[in-house]
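Every value quoted in this text rests on a predicted model; they were computed, and no experiment measured them. This chain uses plain numbering: 1 for the first residue, then up along the sequence.
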Amino acid sequence: MSIDKSRSPSPPAGDAGIVPAAARLRTRDMVINPLAFGRETIESIVVAFTLALLFRAFEAEAFVIPTGSMAPALMGRHKDLVCTACGRDYRVGCSAEEDDQSQSFREQAAQLEGDLARARGVMADQNAPAGDREQARRRVETLESPHGQLEQVRMRLASKLIGSSRCPNCGHDMDLLTDNHKAYDPRYPSFNGDRILVNKFAYDYVAPERFDVVVFRYPEDAKTNYIKRLIGLPGETVSIAGGDIWTSREAAEPTIARKPTAKLRAMLQCVHDSRYESDELAKAGWPLRWSDWGPGETPRWSTDDGGRSWAVDAQGGSPAMLRYRHFMPTSDDWEEIGSGGRVDGELSPLLIDDFQPYNAIPTRSHWVGDLAVETRLENRGDGGTVVLDLVEGGRRHEARIDLSAGSVELVSPSLGGVRPKAVTKLRGRGAWTVLFANVDDELSLFIDGRRVEFDAPTTWTTPIDAAAVAKPVREEPHPGSDTVSDLAPAGVTTIGATLRLSEVRVLRDIFYIGADGISAVGGMIEKPRLDFPLEADQFFVLGDNSAASKDSRLWLEGHHVDRNLIVGKALTIFWPHAWYPNWAVPIRFRVRGNPVELRLPSWPNFGRMGPVR
């Protein structure tokens with residue numbers, strides 16, 4: 001099998017303005033099902049009750065997110081999917097089925113279907129004049145023609161549907177349409193976007209901060225509201241290079257803009273989750289992402305559940321290393337596997353890129369070097385050492401943890417010989433969730449969700465021009481080798497410890513695409529470095545879904561938002577779409593000893609409720 005290392009360029013999805021909730025209460029937004037009326041009624045009651053409470057405390061306004069320019073932080077109209085190959089849940093955007101063009105097609109189809117019904121009525125009316133009945137017959141024949149106007153409109157409307165999606169964990173393609181490709185498979189309904197609350201007075205008392213999510217009036221059409229992440233502040237020059245944000249003032253050398261702790265964690269996106277391994281891939285001989293890196297034929301790290309967890313006993317022995325390689329199957333690989341094919345020979349790993357499953361239309365890929373590794377680490381012994389490492393541009397960054405004392409030391413060639421130290425609760429036997437990140441030229445370590453504070457800076461400075469042209473090291477690594485390569489970008493090594501790793505995830509930072517225009521064929525016009533100077537009371541905004549966001553980079557009439565156009569700060573997702581009752585857990589209880597099962601018309605999606613980060 002071959003590994004496809006590139007994706008063909010295609011145009012970014014267009015943005016639609018963020019729409020006040022009241023303006024979205026339209027019949028076409030309802031998912032048609034036998035319980036639709038009850039579901040919408042309950043949603044309306046909950047929304048009204050929530051707003052009533054909040055308006056008593058401060059003035060806020062509810063909005064519905066229509067597009068995916070801020071995905072995955074905020075969802076526009078989308079589908080919630082579960083991969084049929086590995087079980088990973090993910091979302092794919094389908095805002096196009098509700099855009100202005102789709103509505104125009106629906107109106108045309110409704111008009112033509114009305115004409116067809118009237119013509120059939122005339123044909124069936126025995127009292128109608130023969131001439132009228134003949135004219136109606138010809139009209140019916142024309143409208144029902146396989147290449148007639150009605151069929152053409154239906155095909156145009158069908159072209160707005162999302163035909164398939166690609167799992168971010170195993171690369172498996174899921175067909176979302178029925179056999180005739182003119183309607184969605186009922187198993188995969190579309191849901192409205194997140195309902196959020198916006199504090200309209202937030203910036204009356206404090207200044208907007210970098211990485212806030214803000215609602216503003218679109219500078220090129222002040223009647224339309226947009227939602228983006230605030231990136232640039234008044235009086236500075238914002239630069240995009242190497243997928244990161246850089247800022248400077250008064251012609252000074254640009255420095256990288258680092259995310260606050262809460263934003264850093266919230267903006268990480270999962271590349272691979274070991275809980276969701278595909279049994280179908282395993283049967284075809286597809287290699288696991290994580291593998292033992294020992295030089296001998298007998299592996300030190302082992303798995304008894306298909307790569308979902310790993311264990312090692314390294315007490316009294318040499319170091320035992322486990323490494324990640326990005327073996328992502330292509331559509332062609334899956335097609336061959338589905339036909340009974342097996343992996344012949346050794347596969348070559350891919351670089352981790354900025355693939356976003358929310359975007360149904362493939363976009364040009366970009367290597368992402370800012371990564372993180374997270375795992376549930378269980379120490380089954382009394383001591384030993386565990387080392388988590390990440391590779392970027394051929395440089396290895398390590399977090400060395402002494403499990404007997406709980407001490408941590410960071411080691412990186414980028415830190416210039418300084419080795420920041422800290423003391424943590426990782427001591428002796430126990431289990432902890434550990435996250436090690438290399439994001440925005442800064443190393444950070446989290447234990448059970450809390451950031452570890454070190455005794456020295458964990459940051460470094462990279463010249464922006466060097467970052468703009470940085471390339472990955474593509475030397476292909478093999479188990480047992482000491483090659484430091486971006487094709488094996490994450491690892492866990494232990495010395496003298498007995499460990500078990502589970503829920504192992506590789507994550508990546510957002511990659512901001514440096515583009516300032518759209519080409520004649522619809523693709524983004526990209527440049528290694530872009531600079532956007534801002535004057536007083538001007539702000540620069542970007543969407544998290546950089547490949548599908550119409551934001552400050554691409555506006556025709558200036559690249560900024562004036563302060564007086566900012567509506568407010570996004571506070572919380574207070575009502576994402578509700579779950580269907582057959583997806584929800586039924587409520588069971590007893591009344592006078594008799595069992596009762598209650599199924600509501602809908603079930604709140606508590607998992608997506610919470611503050612906007």
Side-chain angles (χ1 to χ4, degrees), residues 1-7 71-72 75 78-94 161-179 181 184-191 269-291 303-310 324-363 365 374 502-508 579-580 582-583 607:
M1 291 184 181
S2 61
I3 299 294
D4 183 5
K5 296 187 178 181
S6 64
R7 297 187 180 94
M75 301 293 176
H78 67 281
K79 295 178 180 294
D80 274 279
L81 304 173
V82 175
C83 179
T84 55
C86 71
R88 166 78 184 275
D89 62 295
Y90 65 100
R91 281 139 289 281
V92 61
C94 53
L161 304 179
I162 303 303
S164 64
S165 65
R166 186 171 187 241
C167 174
N169 208 63
C170 71
H172 184 255
D173 290 322
M174 289 177 58
D175 191 353
L176 306 179
L177 302 179
T178 55
D179 292 339
H181 293 276
Y184 280 128
D185 187 319
R187 294 174 298 174
Y188 311 124
S190 300
F191 297 104
Q269 300 183 22
C270 186
V271 173
H272 180 261
D273 190 328
S274 71
R275 293 174 296 177
Y276 306 105
E277 295 290 353
S278 169
D279 293 334
E280 190 175 356
L281 284 179
K283 291 178 182 178
W286 195 268
L288 293 172
R289 305 288 183 91
W290 290 94
S291 61
T303 177
D304 57 7
D305 53 9
R308 293 169 178 83
S309 65
W310 294 84
Y324 176 88
R325 287 177 292 176
H326 195 53
F327 294 116
M328 174 65 90
T330 65
S331 298
D332 291 340
D333 293 330
W334 270 109
E335 185 175 351
E336 188 172 341
I337 290 170
S339 302
R342 289 187 55 81
V343 176
D344 296 323
E346 186 175 351
L347 296 179
S348 297
L350 297 172
L351 295 170
I352 292 177
D353 64 13
D354 59 344
F355 170 65
Q356 173 54 260
Y358 192 93
N359 301 331
I361 301 175
T363 58
S365 65
E374 181 183 58
S502 59
E503 302 175 26
V504 191
R505 298 199 303 160
V506 176
L507 307 105
R508 68 168 180 86
W579 294 115
Y580 284 140
N582 61 330
W583 293 5

Going by side chain to side chain donor-acceptor pair (under 3.5 Å), name the residues that satisfy it together with T178, two or more places apart in sequence or in a different chain.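 T178 satisfies side chain to side chain donor-acceptor pair (under 3.5 Å) with N180 only.
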Atom pair [atom1] ([X]) and [atom2] ([Y]), whose distance is rounded to the nearest 0.5 Å:
| X | Y | atom1 | atom2 | value |
| --- | --- | --- | --- | --- |
| R289 | C170 | CZ | SG | 8.0 Å |
| Q356 | Q269 | CD | CD | 5.0 Å |
| D273 | E503 | CG | CD | 7.5 Å |
| L288 | F327 | CG | CZ | 9.5 Å |
| I337 | H172 | CD1 | NE2 | 9.0 Å |
| Y188 | M174 | OH | CE | 3.5 Å |

Charged N-O contact under 4.0 Å between E374 and R505: yes
[X] side chain to [Y] backbone, donor-acceptor under 3.5 Å:
| X | Y | result |
| --- | --- | --- |
| S190 | H78 | no |
| D175 | L177 | yes |
| R342 | K283 | yes |

Taking every non-hydrogen atom, the tightest pair across [X] and [Y]:
| X | Y | answer |
| --- | --- | --- |
| A284 | G341 | CB-O, 3.7 Å |
| L347 | P287 | CD1-CD, 3.6 Å |
| E277 | G306 | CG-O, 3.5 Å |
| A71 | M75 | CB-SD, 4.4 Å |
| K79 | L176 | CD-CD1, 3.9 Å |
| W290 | W310 | O-CZ2, 3.1 Å |

When you compare the side chain of [Y] with that of [X], does any pair of heavy atoms fall below 4.5 Å?
| X | Y | value |
| --- | --- | --- |
| V82 | Y276 | no |
| Y184 | I162 | yes |
| W286 | D333 | yes |
| V271 | Y324 | yes |
| H272 | R508 | no |
| D354 | S365 | yes |

Per-pair distances, 0.1 Å, donor-acceptor, side chain in residues 83-94, under 3.5 Å, sequence neighbours excluded:
| residue | atom | partner | partner atom | Å |
| --- | --- | --- | --- | --- |
| R88 | NH1 | N169 | OD1 | 3.4 |
| Y90 | OH | S165 | OG | 2.8 |
| R91 | NH1 | D80 | OD1 | 2.9 |

Trace of the side chain to side chain donor-acceptor pair (under 3.5 Å) decision for S331 with D173: CA-CA 7 Å; S331 298; D173 290 322; 2.4 Å; yes
